Amino acid sequence: MSKRLMFLAAMLVMVPLAAATVTAQSEDFVASRTSPSGQYQSESAVCPHAPGQFLVGYVSEEAFQAAPTENVVDTFDSILVQHLAYPEIKGIPDQSSRFAAEEARRQELLSRPGVSYVEYNCLASIAGV
């Protein structure tokens with residue numbers, strides 16, 4: 001199966017899961033931003049995610065092609081997204097320090113020209129719904 005088909009299949013599974021999560025409005029898991037600056041309310045407000053990994057979306061094909069390629073794990077050309085991983089962040093043992101480093105990196109990525117959004121690489125499972 002091609003990467004694009006696998007990505008599409010994953011997205012088709014994730015959309016209903018995301019809708020169910022939003023509908024449930026669990027206090028332990030709120031994935032909404034709480035300020036115009038894009039800062040998340042707290043560590044518990046961030047989805048369970050792969051440490052040090054982000055999905056970065058670009059505003060145009062040109063911005064996507066011009067984006068730096070270091071730390072790229074995979075690209076999703078059809079939707080102009082890069083999957084980035086930072087092992088140095090993943091290796092931070094203290095959860096609070098790791099979260100601070102992740103948020104600092106997310107903000108830095110968000111400030112780059114041509115970037116539309118930067119999200120944590122959230123984990124989801126069917127069993128969690």
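Computed from a predicted structure; not experimentally measured.
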### Residue pairs passing the salt bridge (Lys or Arg N to Asp or Glu O under 4.0 Å) test where at least one lies in residues 83-94, sequence neighbours excluded
Glu88-Arg105

### Query
Is any side-chain heavy atom of Arg112 less than 4.5 Å from a side-chain heavy atom of Pro68?
yes

#### Entry: Parallel, tilted or perpendicular, as decided by the 30° and 60° cut-offs, for the rings of Phe54 and Tyr86
perpendicular

### Task
Establish whether Leu84 and Ile92 are linked, either directly or via other cluster members, by ILVMFWY side-chain heavy-atom contacts under 4.5 Å.
no

## Note on the structure
Hits for side-chain hydrogen bond (donor to acceptor under 3.5 Å, both in side chains) against Tyr58, two or more places apart or cross-chain, chain-then-number order -> Gln82

### Query
Mind checking what makes side chain to side chain contact (heavy atoms under 4.5 Å, CB included) contact with Ala85, not counting sequence neighbours?
Gln53, Val73

### Query
CG/Asn71 to CG/Leu109 distance, rounded to the nearest 0.5 angstrom?
8.5 Å

### Query
Checking Arg98 side chain against Ile89 main chain: does a donor-acceptor pair fall under 3.5 Å?
no

#### Entry: Derivation and outcome, side-chain hydrogen bond (donor to acceptor under 3.5 Å, both in side chains), residues Glu102 and His49
CA-CA 11 Å; Glu102 286 175 328; His49 60 280; 2.9 Å; yes

### Qualifying residues under ring-ring contact (aromatic ring centres under 6.0 Å, His included), relative to His83, sequence neighbours excluded
none

### Message
Within the 4.5 Å heavy-atom criterion, are Tyr120 and Glu103 side-chain neighbours or not?
### Response
yes

### Side chain proximity check, Val59 to Phe64, heavy atoms < 4.5 angstrom
no

## Note on the structure
Rounded to the nearest 0.5 angstrom, the CZ-CG distance for Phe76 and Leu55 is 7.0 Å

### Summary
For Glu61, the side-chain hydrogen bond (donor to acceptor under 3.5 Å, both in side chains) test, sequence neighbours excluded, returns Gln65

